[in-house]
Amino acid sequence: LEDLVRLHGEGRDGVRLEDVSADIVSLMAPGAIAADKSLSLTRVGDVAPIMGQRETVAAALRNLVENALRVTPAGG
């Protein structure tokens with residue numbers, strides 16, 4: 001079972017999307033500010049961990065945020 005968990009997730013608890021999201025927003029906020037764009041994170045209470053590798057989840061989320069910032073006009 002431990003091999004299966006290691007293959008499909010990051011430990012028994014999975015990935016905390018809230019933590020990954022906070023990391024991505026922190027990483028991308030300086031660039032958003034420099035481009036006169038707003039970037040924020042709204043927490044919505046307790047969210048169950050998701051199964052997956054943290055790096056893969058972070059890459060997918062980073063891609064979504066990059067795309068949103070790219071198409072958002074200055075001041076947005």
Side-chain angles (χ1 to χ4, degrees):
L1 179 60
E2 287 182 46
D3 289 340
L4 185 60
V5 169
R6 191 170 30 259
L7 178 63
H8 292 288
E10 185 181 285
R12 295 182 192 270
D13 294 332
V15 176
R16 294 185 45 83
L17 191 54
E18 176 180 340
D19 296 341
V20 176
S21 300
D23 290 346
I24 296 302
V25 169
S26 294
L27 177 72
M28 301 191 76
I33 292 168
D36 190 28
K37 299 178 183 183
S38 296
L39 179 62
S40 65
L41 174 65
T42 302
R43 297 175 191 244
V44 291
D46 282 340
V47 177
I50 61 172
M51 295 306 296
Q53 293 181 320
R54 190 178 201 290
E55 295 80 18
T56 304
V57 173
L61 184 57
R62 185 175 54 249
N63 186 39
L64 290 171
V65 174
E66 285 173 347
N67 288 341
L69 289 172
R70 183 175 42 80
V71 299
T72 299

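Values below: all heavy atoms of this structure, side chains included; hydrogens, waters and symmetry mates excluded.
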key: Which atom of Ile24 lies closest to which atom of Ala58, heavy atoms considered   = CD1-O, 3.7 Å
request  = Tell me whether Val25 is reachable from Ile33 by hopping between hydrophobic residues (I, L, V, M, F, W, Y) whose side-chain heavy atoms are closer than 4.5 Å.
outcome  = no
request  = Could you pull out the closest heavy-atom pair between Gly14 and Met51, with the gap in Å?
outcome  = CA-SD, 4.0 Å
Rounded distance (nearest 0.5 Å) linking atom CE of Met28 with atom CG of Asp23 = 13.0 Å
message = Could you walk me through whether Leu69 and Lys37 satisfy the side-chain contact (heavy atoms from CB on, under 4.5 Å) test, starting with their C-alpha distance in whole Å, then the side-chain angles of each, then the deciding distance to 0.1 Å, before giving a yes or no?
response = CA-CA 7 Å; Leu69 289 172; Lys37 299 178 183 183; 4.2 Å; yes
message = Would Asn67 and Asn63 count as a side-chain contact (heavy atoms from CB on, under 4.5 Å) here? Give the steps.
response = CA-CA 6 Å; Asn67 288 341; Asn63 186 39; 3.7 Å; yes
ask   = Are Leu41 and Leu17 linked, directly or through other ILVMFWY residues, by side chains that come within less than 4.5 angstrom of each other?
value = yes
query = Distance from Ile50 atom CD1 to Glu18 atom CD, nearest 0.5 Å?
reply = 12.0 Å
